[in-house]
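Report on one structure; see the data block that follows.
Everything numeric in this text was worked out from a predicted model, so none of it was measured. Sequence lines set the chain letters: A, B, ... in the order given, protein chains first and strands last, and positions in each chain run from 1.
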2 protein chains.
Amino acid sequence: MEIIRRKTDYAFRLMLNLSINYGKGAVSARTLSNEEQVSYQLTCKLLQKLHDSGYIKSSMGPKGGYFLIKSPSQISLADIVRVIQSPISLSDCLLGINNCPKKSICSIHKELYKLGNYIDNFLSNLTLNQLINIRNNDSENNANFLINKEFSKNKLN
Amino acid sequence: MEIIRRKTDYAFRLMLNLSINYGKGAVSARTLSNEEQVSYQLTCKLLQKLHDSGYIKSSMGPKGGYFLIKSPSQISLADIVRVIQSPISLSDCLLGINNCPKKSICSIHKELYKLGNYIDNFLSNLTLNQLINIRNNDSENNANFLINKEFSKNKLN
DNA sequence: TTATATAGGACTATACTGGTCTTAATTAAT
DNA sequence: ATTAATTAAGACCAGTATAGTCCTATATAA
């Protein structure tokens with residue numbers, strides 16, 4: 001089960017593309033669809049949602065398209081997640097005392113609560129602007145995934 | 001969308017109960033169902049899965065039931081998650097370079113990868129034994145959720 | 001006027017999730 | 001031996017989420 005749903009992932013891409021084009025005019029759904037390899041229909045749907053939520057504006061007609069309203073530094077991945085997919089929660093029971101019938105359970109949820117907070121904060125603090133910077137600093141080679149593999153070996157050390 | 005599915009949460013409870021009874025003989029599904037407020041049928045199903053995965057043993061007949069094979073210090077929440085629900089992955093694309101058509105995306109996934117690792121490690125390092133200890137240290141009052149509520153108010157401060 | 005865009009409702013196939021029902025097989029105690 | 005308590009396990013189901021398409025309408029630059 002994916003925490004970040006596929007649609008949300010698509011939206012990340014679309015928004016990152018718009019971030020790179022921030023201040024350079026509108027980008028059409030068709031272009032975004034092609035460049036980010038997301039089906040045209042779905043691209044439209046996702047852009048509409050992002051539009052309705054006030055992150056992007058649209059201009060209709062030829063030469064129309066979408067562009068960011070806010071600066072990429074003011075939009076986090078958590079924002080996008082919130083728009084596209086149902087909210088991420090770590091577990092049902094964290095929502096309230098009602099679902100947690102026994103005290104014995106609370107030690108579980110107390111710990112899970114910390115994890116939930118961490119995830120929240122992580123996504124809230126990761127802005128589109130930061131992602132652009134990471135990409136730029138990251139050299140021109142395509143070896144990011146190799147780097148990621150190293151990350152995984154060293155995890156928690 | 002919950003990262004820890006409800007069934008997994010149930011399994012956490014059942015396993016914590018068995019942990020508390022570790023070394024004290026078998027506990028029947030009926031008892032576990034009552035004590036942890038999980039439907040009897042579902043309790044049976046979950047216990048069967050945990051049994052098949054080698055975390056608990058069963059004895060049939062009257063006075064039968066289930067008991068842990070391993071020590072609670074050797075079973076993590078990640079273990080239980082793995083048995084009960086489909087594996088947690090942060091996003092489809094993290095699975096491989098194949099799903100990641102554009103380099104521009106990698107800066108997203110590089111960061112998400114870190115988050116995925118954190119979640120993994122968190123759950124892998126949280127053992128049933130630790131949860132018992134947390135519970136015991138946590139005083140005898142029932143106010144854990146009040147504490148949790150405070151947590152939620154103060155988060156990110 | 002036309003071609004290029006966005007806007008948005010309706011619909012669908014598939015899969016997952018939580019959960020139940022039913023029928024067996026095992027075994028301690030009487 | 002019989003009975004009652006218990007695990008074992010397959011089949012089934014309703015509800016919902018997910019990803020995605022289809023179709024029609026509307027706006028607008030050229």
Side-chain angles (χ1 to χ4, degrees), chain A residues 1-14 18 25-34 36-67 69 81 83-89 91-93 99, chain B residues 1-14 18 25-34 36-67 69 81 83-89 91-93 99:
Chain A
M1 195 220 47
E2 285 76 40
I3 297 174
I4 304 296
R5 314 295 309 163
R6 200 183 308 174
K7 278 188 183 180
T8 310
D9 201 272
Y10 292 162
F12 284 171
R13 300 187 205 175
L14 301 176
L18 291 179
V27 185
S28 75
R30 183 69 66 185
T31 302
L32 288 168
S33 161
N34 289 335
E36 302 304 334
Q37 309 199 13
V38 179
S39 99
Y40 173 66
Q41 302 273 9
L42 206 41
T43 299
C44 290
K45 286 297 172 209
L46 294 171
L47 289 170
Q48 273 169 36
K49 275 197 172 184
L50 291 162
H51 175 264
D52 293 347
S53 301
Y55 291 103
I56 61 181
K57 261 195 174 168
S58 66
S59 59
M60 280 178 131
K63 302 246 171 179
Y66 297 88
F67 51 93
I69 298 176
V81 167
V83 172
I84 304 298
Q85 73 181 50
S86 59
I88 297 172
S89 84
S91 129
D92 255 357
C93 286
N99 299 314
Chain B
M1 195 221 43
E2 284 77 41
I3 296 174
I4 304 295
R5 314 294 309 163
R6 200 184 307 173
K7 278 188 183 179
T8 310
D9 201 273
Y10 292 162
F12 285 171
R13 301 187 204 175
L14 301 175
L18 291 180
V27 185
S28 76
R30 182 70 65 185
T31 303
L32 288 168
S33 160
N34 289 334
E36 303 303 335
Q37 308 199 14
V38 179
S39 100
Y40 173 66
Q41 301 273 10
L42 205 41
T43 300
C44 289
K45 286 299 171 207
L46 294 170
L47 289 169
Q48 273 170 35
K49 275 198 172 183
L50 291 162
H51 175 264
D52 292 347
S53 301
Y55 291 103
I56 61 181
K57 261 195 174 166
S58 65
S59 60
M60 281 178 131
K63 304 246 171 179
Y66 298 88
F67 50 94
I69 298 176
V81 167
V83 171
I84 304 298
Q85 72 181 49
S86 59
I88 297 172
S89 84
S91 129
D92 255 357
C93 286
N99 299 314

* To do: Whole angstrom is fine here: how far is it from CG in A/Asn34 over to C1' in C/dT4?
  => 14 Å
* To do: Could you walk me through whether B/Tyr55 and B/Leu18 pass the side chain to side chain contact (heavy atoms under 4.5 Å, CB included) test, one step at a time?
  => CA-CA 11 Å; B/Tyr55 291 103; B/Leu18 291 180; over 6 Å; no
* To do: State whether the side chain of B/Thr43 and the backbone N or O of B/Val38 hold a donor-acceptor pair below 3.5 Å, judged by distance alone.
  => yes
* Structure fact -> With sequence neighbours left out, the residues meeting side chain to side chain donor-acceptor pair (under 3.5 Å) with A/Ser28 are A/Thr31
* **Test side chain to side chain contact (heavy atoms under 4.5 Å, CB included) applied to A/Ile88 and B/Ile3, step by step** => CA-CA 7 Å; A/Ile88 297 172; B/Ile3 296 174; 3.6 Å; yes
* Asked: Picking from B/Leu32, B/Leu47, B/Ile56, what satisfies side chain to side chain contact (heavy atoms under 4.5 Å, CB included) with B/Val27?
  -> B/Leu32
* Asked: In whole angstroms, how far is the C1' atom of C/dG18 from the CG atom of B/Leu14?
  -> 15 Å
* **A/Arg6 vs A/Pro62, nearer the 5' end of DNA chain D by closest nucleotide** => A/Arg6
* Ignoring hydrogens and angles, are the base of C/dG19 and the side chain of B/Lys45 linked by a donor-acceptor pair under 3.5 Å? -> no
* Asked: Residues from residues 46-61 of chain A sitting under 4.0 Å of DNA chain C, heavy atoms only?
  -> A/Gln48, A/His51, A/Asp52, A/Ser58, A/Ser59, A/Met60, A/Gly61
* Structure fact -> To the nearest angstrom, the CZ-C1' distance between A/Phe67 and C/dT6 comes to 12 Å
* Could you pull out all residues at least two apart from B/Gln48 that satisfy side chain to side chain donor-acceptor pair (under 3.5 Å)? => none
* **For B/Arg5, salt bridge (Lys or Arg N to Asp or Glu O under 4.0 Å) partners two or more places apart** => none
* Using side-chain contact (heavy atoms from CB on, under 4.5 Å) as the criterion, list what pairs up with B/Lys49, not counting sequence neighbours. => B/Val83, B/Ile84
* Gap between atoms CZ and C1', on B/Arg5 and C/dA15 respectively (whole Å) -> 12 Å
* Structure fact -> Taken to the nearest whole Å, CD/A/Gln41 to P/C/dT6 is 12 Å
* Write down the atom of A/Ser58, the atom of A/His51, and the distance for their closest heavy-atom approach. => OG-NE2, 3.5 Å
* To do: Please list, in 5' to 3' order, the outermost nucleotides of DNA chain D lying under 4.0 Å from any heavy atom of chain A.
  => D/dT18 to D/dA29
* Structure fact -> Considering only heavy side-chain atoms of B/Leu42, the closest of C/dG8, C/dT17, C/dG18 is C/dG18
* Side-chain N,O (B/Tyr40) to OP1/OP2 (C/dT20) below 4.0 Å -> no
